Structures are given as structure tokens and as C-alpha cells.
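Heads up: the structure comes next, in C-alpha cells.
Bear in mind that the values here come from a model prediction, so they are computed numbers and not experimental data.
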Amino acid sequence: MLSVLSACASNDKPSADLAAAKVTTIGVNSYLWRATLDSLSFMPLTQTDSNGGVILTDWYVNPNNPSERMKLNISILDQDLRADALRVAASRQIRSGGTWVDAPVKAATTQKLEQIILTKARDLRRGTILSN
């Protein structure tokens with residue numbers, strides 16, 4: 001009985017089976033940061049601030065639709081891997097008469113991008129779990 005109690009008093013911590021949801025070697029959640037950069041790798045970036053959690057893209061024209069362009073502003077708002085820690089804002093323009101004109105962005109567009117980033121962040125976290 002004494003050996004059981006002495007084991008309880010030990011300072012040994014059990015090994016964790018899960019990768020931490022809060023990984024902050026930078027100012028924001030590392031999984032969300034990396035997932036965002038991976039998801040936007042096809043777009044030109046104008047600003048990245050890993051301490052503030054801000055990623056801004058330049059205008060991107062899809063080669064399949066050259067009369068439309070998009071620009072994104074991504075904010076990572078927390079150090080935890082949570083859905084409400086990510087905000088995506090988009091601007092869209094269409095070419096009309098040789099000039100770019102602002103156009104509305106469907107809410108589904110930003111929601112889909114948030115979903116892609118969150119899924120990728122969760123996959124990165126799962127990959128960390130499996131490699132440990």
C-alpha cells in the first residue's frame with residue numbers, strides 16, 4: 001500500500017496522448033498559422049505578422065476567370081485551435097469596361113475558406129499526434 005501512495009506523490013507527469021491544442025511558439029496558434037499559409041500558398045502575400053496573427057494577400061486573378069479578382073485578410077484571434085479563433089474577410093472585384101469595380105462577396109466563400117483552414121489545422125494537429 002505504501003508503494004501505491006508514494007507513486008501518487010511523485011512529480012512524474014503522465015505522457016500526453018494528444019498534441020496540445022494551444023501551441024504558441026509564435027504569437028498565435030501554430031496549427032492555424034501554418035494551415036492558413038498552406039491554404040493560401042497560391043496567392044501573393046503582402047503582409048504576414050505571426051505575432052499579431054494577420055495575413056494579407058494581394059489581388060489574385062484566377063487564370064480560369066480573368067475578369068474577377070480576390071483579396072483576403074485573415075486574422076487569427078487566439079492561441080487555441082478553435083473555430084472562433086479564425087476570421088476571414090474577402091474583397092472581390094470584377095473587370096468592367098477595362099477597370100476593376102468592387103463586387104459583393106458571398107458569405108459562403110469566406111465560410112468555405114475558414115472551413116478549409118480549420119480542417120487543415122486539425123489535420124496538422126492529428127499528424128503531430130500520430131508522429132509522437
Within the 4.5 Å heavy-atom criterion, are L118 and L86 side-chain neighbours or not? yes

What's the spacing between [X] [atom1] and [Y] [atom2] if we round to 0.5 Å?
{"X": "L77", "Y": "D80", "atom1": "CG", "atom2": "CG", "answer": "12.0 Å"}
{"X": "M70", "Y": "T110", "atom1": "CE", "atom2": "OG1", "answer": "8.5 Å"}
{"X": "D102", "Y": "S96", "atom1": "CG", "atom2": "OG", "answer": "12.0 Å"}
{"X": "E114", "Y": "Q111", "atom1": "CD", "atom2": "CD", "answer": "7.0 Å"}
{"X": "Q79", "Y": "L32", "atom1": "CD", "atom2": "CG", "answer": "11.5 Å"}
{"X": "D78", "Y": "R87", "atom1": "CG", "atom2": "CZ", "answer": "12.0 Å"}

Going by salt bridge (charged side-chain N to carboxylate O under 4.0 Å, His left out), name the pairs with one or both residues in residues 90-99, residues two or more places apart or in two chains.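 Qualifying pairs, neighbours excluded: E68-R92.
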
Partners passing salt bridge (charged side-chain N to carboxylate O under 4.0 Å, His left out) against D58 (at least two apart in sequence or in another chain): none

Which heavy-atom pair separates [X] from [Y] by the least distance, and what is that distance?
{"X": "A121", "Y": "A35", "value": "N-CB, 3.4 Å"}
{"X": "V105", "Y": "A90", "value": "CG2-O, 3.6 Å"}
{"X": "A83", "Y": "R122", "value": "CB-NH2, 4.4 Å"}
{"X": "N51", "Y": "G27", "value": "OD1-N, 3.6 Å"}
{"X": "P66", "Y": "P63", "value": "CD-O, 3.8 Å"}

Donor-acceptor check, side chain of N29 to backbone of Y31, threshold 3.5 angstrom: yes or no?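 Checking the backbone N and O of Y31 against the side chain of N29, a donor-acceptor pair under 3.5 Å is found.
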
So, T57 side chain and L72 main chain: donor-acceptor pair closer than 3.5 Å or not? yes

The single option from N73, V88, L37 passing side chain to side chain contact (heavy atoms under 4.5 Å, CB included) against I55: L37

Under 4.0 Å between a side-chain nitrogen and a carboxylate oxygen: does that hold for R126 and D123?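 Yes.
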
Could you see if I26 belongs to whatever hydrophobic cluster contains L124? Use Ile, Leu, Val, Met, Phe, Trp, Tyr and a side-chain cutoff under 4.5 Å. yes

Examine M43 and W33 and state if one hydrophobic cluster contains both, with Ile, Leu, Val, Met, Phe, Trp and Tyr joined whenever side-chain heavy atoms are less than 4.5 Å apart.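 Yes: a chain of side-chain contacts under 4.5 Å links M43 to W33.
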
Would L40 and L113 satisfy side chain to side chain contact (heavy atoms under 4.5 Å, CB included), going step by step from the backbone distance to the final call? CA-CA 10 Å; L40 301 180; L113 187 52; 4.3 Å; yes

Per the side-chain hydrogen bond (donor to acceptor under 3.5 Å, both in side chains) rule, what does the pair list look like for residues 35-50, sequence neighbours excluded? none

Which Ile, Leu, Val, Met, Phe, Trp or Tyr residues join W100 in one cluster when any pair of side-chain heavy atoms under 4.5 Å counts as a link?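 V61, which link up through side-chain heavy atoms under 4.5 Å apart, make up the rest of the cluster.
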
Please go through V54's hydrophobic cluster and name the other residues, only I, L, V, M, F, W, Y counting, with side-chain heavy atoms under 4.5 Å joining them. L56

Provide the full list of ring-ring contact (aromatic ring centres under 6.0 Å, His included) pairs with a residue in residues 56-75, sequence neighbours left out, each pair given once.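 Qualifying pairs: F42-Y60.
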
R69 atom CZ, over 12 foreign heavy atoms within 6.0 Å: yes

